[in-house]
Amino acid sequence: MQSITNVLSDHLGWHRARLKLMARFQLALEKLPATNLRKIAASLKAGVEHESNYRRIQRFLSGCDVDFTDLGRLLVRLLPQEGPYVAVLDRTEWHFGSAPAGVLMMGWT
C-alpha cells in the first residue's frame with residue numbers, strides 16, 4: 001500500500017488520509033469481483049466497523065475534486081515503459097437522479 005500511496009502523492013497532491021483511503025480502495029477493487037461499495041467497505045481496514053468505512057467512502061467520493069490533467073499524467077506514468085502491451089479503453093455514462101456522470105476506464109496488460 002505504501003508504494004501506491006507514494007505514486008498517488010507524487011501526482012495528485014492530496015493529504016495523507018485521502019491518499020491512504022484511495023490506496024486501500026484500489027487494493028479492495030483488485031481483490032473483489034464486484035464494485036459494490038458496502039462490500040468494498042467490508043474489506044477496507046480490519047478492526048474498523050464496516051458502516052464507518054462505508055461512510056468514509058461516501059464522504060471521499062462526494063467531496064472528491066480531481067484535477068483530470070494530474071490524473072492523466074498519473075495514468076501515463078503507470079503505463080508500462082516497455083512493450084508490447086495491450087491497452088483497453090471503455091466509456092460509459094450513468095445517471096444519479098438527473099445528473100449525468102461520465103466514466104472513462106482504462107486498463108492494460
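The two residues Ala17 and Arg56 come nearest to each other via the heavy atoms O-NH2, 3.5 Å. Pro100 and Glu93 get closest at one heavy-atom pair: CB-OE2, 3.6 Å. Shortest non-hydrogen contact noted between Ala41 and Tyr54 is CB-N, 3.5 Å. Summarising the geometry of Leu44 relative to Phe25, their closest heavy-atom pair is CD2-N, 3.7 Å, with the distance given to 0.1 Å. Considering every non-hydrogen atom in both Leu21 and Phe60, the closest pair reads CD2-CB, 3.4 Å. Nearest heavy-atom pair across Ser43 and Leu32 is OG-CD1, 3.6 Å.
At a threshold of 4.5 Å between non-hydrogen side-chain atoms, the residues Arg16 and Lys20 count as touching. Annotation: side chain of Asp90 is not in contact with side chain of Leu104 (no heavy-atom distance under 4.5 Å). Put simply, the side chain of Leu37 does not reach to within 4.5 Å of the side chain of Lys39, judged on heavy atoms.
A continuous path of hydrophobic side-chain contacts links Leu29 to Leu89 [ILVMFWY only; heavy atoms under 4.5 Å]. By the criterion of side-chain heavy atoms lying less than 4.5 angstrom apart, applied directly or through intervening Ile, Leu, Val, Met, Phe, Trp or Tyr residues, Leu61 is grouped together with Leu19 in one hydrophobic cluster.
Counting non-hydrogen atoms of neighbouring residues, nucleotides and ligands closer than 6.0 angstrom, the CD atom of Glu49 reaches no more than 12 such neighbours. At most 12 non-hydrogen atoms from other residues, nucleotides or ligands lie less than 6.0 angstrom from CD of Glu82.
Between the CZ atom in Arg24 and the CD1 atom in Ile40 there is a gap of 14.5 Å [rounded to 0.5 Å].
Side chain of Ser62 to backbone of Gln58: a donor-acceptor contact under 3.5 angstrom is found.
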